[in-house]
Amino acid sequence: MNPANRYLVEIFWSDEDEGFIAIAPDLPGCSAFGETQQEALHEMNLAMASWLEACAKMDRSYPEPKAKPQRLAA
């Protein structure tokens with residue numbers, strides 16, 4: 001399994017940036033931008049892969065995923 005798939009990604013609209021911002025709360029500083037939600041997610045997948053690759057190159061362990069998606073009652 002791709003290690004990046006273990007981490008929660010949040011995507012939200014930014015009026016200031018006039019686009020969608022994606023963040024991974026468990027990967028400090030890892031974020032991406034897209035004009036659509038799909039583009040932001042695609043860019044975020046690339047950013048997370050780079051973030052985790054840098055971790056591996058520095059012989060650091062990956063952070064343990066802590067953020068969990070919230071479930072809304074219907």
Side-chain angles (χ1 to χ4, degrees):
M1 176 168 79
N2 180 348
N5 291 338
R6 298 174 57 214
Y7 298 97
L8 174 70
V9 173
E10 297 176 0
I11 300 174
F12 56 91
W13 175 259
S14 169
D15 286 331
E16 181 180 339
D17 298 308
E18 296 182 357
F20 290 92
I21 304 294
I23 62 168
D26 293 325
L27 304 178
C30 189
S31 65
F33 172 84
E35 291 184 8
T36 66
Q37 289 176 330
Q38 293 80 11
E39 184 182 352
L41 180 59
H42 173 76
E43 294 297 323
M44 188 61 185
N45 285 330
L46 297 174
M48 289 170 50
S50 294
W51 199 102
L52 295 170
E53 183 180 323
C55 225
K57 284 183 178 180
M58 294 185 289
D59 286 330
R60 295 186 180 174
S61 59
Y62 297 152
E64 194 61 35
K66 295 179 183 167
K68 304 285 184 214
Q70 295 182 7
R71 298 180 188 266
L72 300 175

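These numbers come from a predicted model, not from an experiment.
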Please report the shortest heavy-atom distance between [X] and [Y], naming the atom on each side.
{"X": "Ser31", "Y": "Ala47", "answer": "O-CB, 3.9 Å"}
{"X": "Ala24", "Y": "Met44", "answer": "N-CE, 3.2 Å"}
{"X": "Met48", "Y": "Val9", "answer": "SD-CG2, 3.6 Å"}
{"X": "Gly19", "Y": "Phe33", "answer": "CA-CE1, 3.4 Å"}
{"X": "Ala40", "Y": "Ala22", "answer": "O-CB, 3.9 Å"}
{"X": "Pro65", "Y": "Arg6", "answer": "CD-NH2, 3.2 Å"}

Worksheet entry | 4.5 Å side-chain heavy-atom contact, Leu27 and Pro63 | yes
Discussion item. Measuring only between side-chain heavy atoms, which start at C-beta, is Gln38 closer than 4.5 Å to His42?
Written reply: no
Discussion item. I'd like to know if Ile23 and Tyr7 are part of one continuous hydrophobic network [Ile/Leu/Val/Met/Phe/Trp/Tyr, side-chain heavy atoms within less than 4.5 Å].
Written reply: no
Worksheet item: Hey, what do you get for CG (Leu41) to CZ (Phe20), rounding to the nearest 0.5 Å?
Response: 12.0 Å
Discussion item. Using 0.5 Å steps for rounding, measure from the CH2 atom of Trp13 to the CD atom of Gln37.
Written reply: 10.0 Å
